Amino acid sequence: MSGWLVILASAVLIAGLLVAAGVFTWVERRLLGFLQERLGPNRVGPFGFLQWVADTVKLLTKEDAPPEGADVIAFRLAPALAALPILAGFGVVAFGDGLAIAPLDMGVVFATAMLALTVYALVLGAWASRNRYALLGGLRAAAQMIAYEAFLGLSLMGVVLIAGSFAMADIVAAQKGAWFILVQPLGAVLFFIASLAAAHRLPFDLQESETDLVAGFMTEYSGMSFALFFLGEYVAILLVSALAVTLFLGGWLGPWLPGPVWFGLKVGAVALLFIWVRAALPRPRYDQLIAFAWKLALPLALLNLLLTGWVVVA
Amino acid sequence: MIGTLKSLWAVGLKLFAPTQTQGYPEVKPALAPRYRGRIILSRDPDGQERCVACNLCAVVCPVDCIEVVKAETVEGRWYPETFRINFARCIFCGLCEEACPTAAIQLTPDFELADYARSSLVYDKPDLLIAGKGKYPGYRYWDVAGKTAPPNTDPKDLAP
Ligand code: SF4
Ligand code: SF4
């Protein structure tokens with residue numbers, strides 16, 4: 001693609017993602033409502049659909065002041081860092097056959113790296129806030145990211161081994177016969193669990209668990225800075241859903257409908273799964289969370305990789 | 001592991017369960033007559049003001065939001081010249097209603113008191129006094145007050 005086309009496509013993609021994240025917050029609130037025998041927001045617009053617009057306007061007009069004693073530059077930088085890498089990570093996602101802004105050879109690695117970068121935003125924001133709760137949240141975020149990023153990468157290595165490529169398009173193309181979720185069920189489950197943690201979603205949102213840390217690393221944030229963290233989190237859900245679809249659910253492959261439609265539908269379905277998990281599962285204790293990652297998930301991911309490697313080579 | 005899947009399943013089923021939400025402004029809630037909402041001053045069966053300006057309600061009020069100023073008629077009967085309740089402070093505890101010897105002050109099941117200015121939450125006597133008898137239709141304080149009750153009467157029977 002030529003330079004201008006890439007810039008145009010990126011702008012369209014970013015705008016689309018912002019809207020998608022907004023709509024996703026509405027979908028989440030409504031679905032959570034129904035899962036809890038409530039209605040959820042249903043006042044603004046038809047079925048409350050414009051709720052996310054109202055929320056955005058509200059957040060934009062709210063006061064957004066750094067707390068006293070805060071490191072103002074870092075405090076301002078952190079929210080931007082939370083959203084930007086995730087948006088960049090979408091650059092390598094293949095939405096359809098040949099439909100990617102930057103079809104990198106190392107696409108999967110790039111996307112997971114961008115996911116991992118968000119932890120800097122959390123830690124930086126926590127540190128800059130000069131708040132005990134925020135700092136505790138930041139510490140948790142760092143430890144959790146290390147623990148879960150390790151087996152996030154390993155759980156998808158099986159797929160990479162079978163497809164023989166890190167490029168998203170190649171991985172999807174390798175699933176023409178069977179989706180990798182059938183070939184790599186253990187890898188898929190582990191990847192899903194790790195992606196919950198990578199997107200800081202309940203039940204793995206200990207860095208902001210409001211029951212014991214007020215709001216964790218976000219305690220001091222309000223207005224648009226808060227919105228950026230929020231945006232980062234919701235776009236991250238979409239990114240890990242897109243990764244899950246690409247790696248395990250056959251990407252854009254599907255009968256009758258055009259590829260991008262299939263891709264969108266699958267990403268939506270996986271994102272709904274995230275909401276469902278949020279509604280059903282309680283938050284684990286912090287030591288349980290870390291112990292699960294290092295003592296159970298990581299060995300399982302290694303075992304999966306070992307078996308896959310053995311099968312591929314043999 | 002099994003427990004996790006079970007709870008996922010159970011919560012997933014809730015998607016098809018009826019919701020408990022009441023669509024409030026359209027669907028009004030059914031409130032009991034004893035619900036503690038907006039306060040009124042009621043009248044006797046013969047149309048007289050029940051309140052005798054004894055100030056008991058103002059004394060018992062935990063947030064001090066009632067102001068009563070006494071006046072006297074030519075026959076020597078007391079009545080409130082001013083009766084003012086600040087609903088911005090009232091906590092709707094209902095103690096004033098319990099303290100009132102004449103059943104004049106009563107809480108009603110109307111809770112839609114929201115307003116744009118605090119000053120409009122101060123209700124004066126014309127805002128409080130209603131034309132009817134409120135919750136105790138037949139009750140007239142002077143029929144039971146200052147009289148010797150027949151022997152073996154349960155004092156509760158004398159209450160409104
Ligand atoms: S309900 Fe309670 S707070 Fe309100 S006026 Fe009566 S005594 Fe005072
Ligand atoms: S409302 Fe009842 S308690 Fe209050 S001053 Fe009047 S008679 Fe006394």
Side-chain angles (χ1 to χ4, degrees), chain A residues 26-48 51 185-186 188-197 201-205 268-285 288-289 291-293 295-297 299-301, chain B residues 1-40 62-63 65 86-94 107-123 127:
Chain A
W26 171 75
V27 171
E28 167 165 49
R29 292 178 63 187
R30 292 274 354 214
L31 191 63
L32 261 188
F34 284 121
L35 286 169
Q36 296 165 353
E37 301 193 5
R38 296 182 288 116
L39 284 178
N42 62 349
R43 296 284 161 182
V44 195
F47 301 106
Q51 183 69 44
L186 184 58
V189 171
L190 287 174
F191 179 82
F192 183 71
I193 294 174
S195 57
L196 278 175
R201 283 290 291 184
L202 229 81
F204 297 139
D205 69 335
V270 176
L272 291 187
L273 199 59
F274 274 76
I275 301 175
W276 184 13
V277 167
R278 170 179 178 174
L281 299 185
R283 199 181 279 129
R285 229 170 44 219
Q288 292 170 336
L289 178 92
F292 173 80
K295 294 187 185 158
L296 186 69
L300 276 179
Chain B
M1 188 65 210
I2 302 290
T4 306
L5 293 179
K6 264 190 190 162
S7 83
L8 270 175
W9 175 249
V11 173
L13 281 185
K14 290 283 175 201
L15 206 52
F16 309 102
T19 56
Q20 308 291 329
T21 309
Q22 294 177 11
Y24 158 60
E26 294 92 27
V27 186
K28 300 284 180 201
L31 298 176
R34 64 172 184 186
Y35 186 91
R36 302 197 303 265
R38 181 168 59 88
I39 299 176
I40 50 124
V63 295
C65 68
N86 183 353
F87 281 107
R89 300 189 74 186
C90 176
I91 57 173
F92 301 101
C93 61
L107 282 81
T108 61
D110 172 19
F111 59 89
E112 292 169 325
L113 289 162
D115 216 315
Y116 289 99
R118 273 182 210 192
S119 52
S120 20
L121 285 170
V122 178
Y123 282 39
D127 311 320

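Protein chains get the first letters and strands the later ones, always in sequence-line order, with residue 1 at the start of each. These numbers come from a predicted model, not from an experiment.
Applying the 6.0 Å contact sphere to CZ of A/F47 captures no more than 12 heavy atoms from other residues, nucleotides or ligands. Heavy-atom neighbours of B/R118 CZ from other residues, nucleotides or ligands within 6.0 Å: at or below the threshold of 12. The environment of A/K295 atom NZ is sparse: at most 12 non-hydrogen atoms of other residues, nucleotides or ligands sit within 6.0 angstrom. Residue B/Y24 qualifies as enclosed at atom OH: its count of foreign heavy atoms under 6.0 Å is above 12.
Nearest approach of A/F34 to B/L15, heavy atoms of both residues: CB-CD1, 3.8 Å. Taking every heavy atom of both residues into account, B/A17 and A/E37 meet most closely at CB-OE2, 4.0 Å. For the residue pair B/K14 and A/L35, the shortest heavy atom distance occurs at CB-O, 3.3 Å. Of all heavy-atom pairs spanning B/S7 and A/A280, the tightest one is OG-O, 3.6 Å.
With a threshold of 4.5 angstrom between heavy atoms, B/Q22 does not approach chain A through any atom at all.
Between chain A and the residues B/G3, B/G12, B/G23, the largest count of heavy-atom pairs under 4.5 Å involves B/G12.
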